[in-house]
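Please read these numbers as outputs of a predicted model, since none were measured by experiment.
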Amino acid sequence: MDTRKKVGKEAVRTALQALGEGGKEISYRLVYEALGLESEAEQAVVRSRISDMTRHGEVKRTRTGCVIYDFKHRPREGKSYGTLWRFVRKAKSGWTISDCALMTRISYTQAMRYCNWLEEEGFVERTGRDSRNATTWRATAKADRTPETPYPPLRETDPFARERAAAATIARLMLCADPYAKKTAQNITEACRVLLARFDKESVTENENEEEVC
């Protein structure tokens, strides 16, 4: 499998969000551990992903090999949506997704997803099909009244992302690290605290609810 496909940007983002909760500094090593990556090739992809996020402002570098995640940043290519929106508003009725992707130089997949969302929100509507049987579109009056680019809602982060990262860290350390090493013990203990903070609390709440019902 291609290494870049195996270490996807979303996986790296999820790890950063889980490890960086509360503005904590995150080292590359922590990300490697959370994702269970041992090969240099895989770790190099992580560094490349983080560097790309840094250029876009999603991640801020604090020192060599360490970053913090900016949870206020919109993890999207903002300019792409602006470009697509300008096309949608200015194009003559009867354009297709292929026309949109070609004229904006943005991937067909992203153009299709954005247009489908715009349709749900009432900004565009389908007008029929062209000679190639491709769906044709046009902007609605609502789009004409909206000069500012509308953005799709951000996808919700995994509510168990931090716990998944902690569990992955425990599994990797138990299988690959020296369990007698002080550093290993500290990392496992910290990961266990993350799991206990979530599940022990929920267990207590559940028991309390059961007692109230009784």
Given side chains that start at C-beta, do those of [X] and [Y] come closer than 4.5 Å, heavy atoms only?
X: Val67; Y: Leu16; result: yes
X: Tyr32; Y: Val46; result: yes
X: Trp85; Y: Leu118; result: yes
X: Ile188; Y: Met174; result: yes
X: Arg138; Y: Arg126; result: no
X: Leu84; Y: Cys100; result: yes
X: Gln110; Y: Ser80; result: yes

Atom [atom1] of [X] and atom [atom2] of [Y]: how far apart are they, to the nearest 0.5 Å?
X: Lys183; Y: Asp178; atom1: NZ; atom2: CG; value: 14.0 Å
X: Leu173; Y: Gln186; atom1: CG; atom2: CD; value: 11.5 Å
X: Ile50; Y: Tyr69; atom1: CD1; atom2: OH; value: 11.5 Å
X: Tyr81; Y: Trp117; atom1: OH; atom2: CH2; value: 9.0 Å
X: Asp70; Y: Met53; atom1: CG; atom2: CE; value: 12.5 Å
X: Thr169; Y: Leu30; atom1: OG1; atom2: CG; value: 7.5 Å

In this structure, are over 12 heavy atoms from other groups packed under 6.0 Å from [X] atom [atom1]?
X: Met112; atom1: CE; value: yes
X: Arg129; atom1: CZ; value: yes
X: Glu190; atom1: CD; value: no

With a 4.5 Å cut-off on side-chain heavy-atom distances among I, L, V, M, F, W and Y, is there a chain of contacts connecting [X] to [Y]?
X: Leu19; Y: Val45; answer: yes
X: Leu102; Y: Val88; answer: no
X: Val194; Y: Phe199; answer: no

Quiz item: Which pairs with one or both residues in residues 82-96 pass salt bridge (charged side-chain N to carboxylate O under 4.0 Å, His left out), sequence neighbours excluded?
Solution: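 Not a single pair qualifies under salt bridge (charged side-chain N to carboxylate O under 4.0 Å, His left out).
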
Exercise. Would you mind listing every salt bridge (charged side-chain N to carboxylate O under 4.0 Å, His left out) that reaches into residues 26-41, with sequence neighbours excluded?
Key: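 Of all non-adjacent pairs touching residues 26-41, those that pass salt bridge (charged side-chain N to carboxylate O under 4.0 Å, His left out) are Glu33-Arg172, Glu40-Arg47.
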
Quiz item: Can a donor-acceptor pair be found between the side chains of Gln17 and Thr14 at a distance below 3.5 Å?
Solution: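 There is no such pair (donor and acceptor under 3.5 Å, judged by atom type) between the side chains of Gln17 and Thr14.
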
Minimum heavy-atom separation for [X] and [Y], please, with both atom names.
X: Arg61; Y: Cys66; answer: CG-O, 3.6 Å
X: Gly82; Y: Thr149; answer: CA-OG1, 3.6 Å
X: Ala34; Y: Ala15; answer: CB-CB, 4.5 Å

Exercise. Go through the steps to decide whether Ile170 and Cys192 satisfy the test side-chain contact (heavy atoms from CB on, under 4.5 Å), and finish with yes or no.
Key: CA-CA 8 Å; Ile170 293 172; Cys192 286; 3.8 Å; yes

Quiz prompt | Under the ring pair (Phe, Tyr, Trp, His ring centres under 6.0 Å) test, residues paired with Phe87 that sit two or more places apart | solution =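 Ring pair (Phe, Tyr, Trp, His ring centres under 6.0 Å) check on Phe87 returns Trp95.
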
Self-check item: Partner set under side-chain contact (heavy atoms from CB on, under 4.5 Å) for Thr140, not counting sequence neighbours
Solution: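 side-chain contact (heavy atoms from CB on, under 4.5 Å) check on Thr140 returns Glu125, Lys142, Ala143.
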
Quiz item: Who are the side-chain contact (heavy atoms from CB on, under 4.5 Å) partners of Thr189, not counting sequence neighbours?
Solution: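 Testing Thr189 for side-chain contact (heavy atoms from CB on, under 4.5 Å), a comparison that skips the adjacent residues, returns Arg193.
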
Quiz item: Is a side-chain donor or acceptor of Thr136 paired with a backbone partner of Gly128 at a separation under 3.5 angstrom?
Solution: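 Yes; at least one donor-acceptor contact below 3.5 Å.
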
Exercise. Check the pair Thr127 / Trp137 against side-chain contact (heavy atoms from CB on, under 4.5 Å), numbers first and verdict last.
Key: CA-CA 5 Å; Thr127 61; Trp137 304 75; 5.8 Å; no

Quiz item: In terms of side-chain geometry, is the basic nitrogen of Arg49 or Asp52 positioned less than 4.0 Å from the acidic oxygen of its partner?
Solution: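 No, no charged N to carboxylate O under 4.0 Å.
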
Quiz item: Any side chain to side chain donor-acceptor pair (under 3.5 Å) pairs touching residues 99-109, not counting sequence neighbours?
Solution: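 Matches after skipping sequence neighbours: Thr96-Asp99.
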
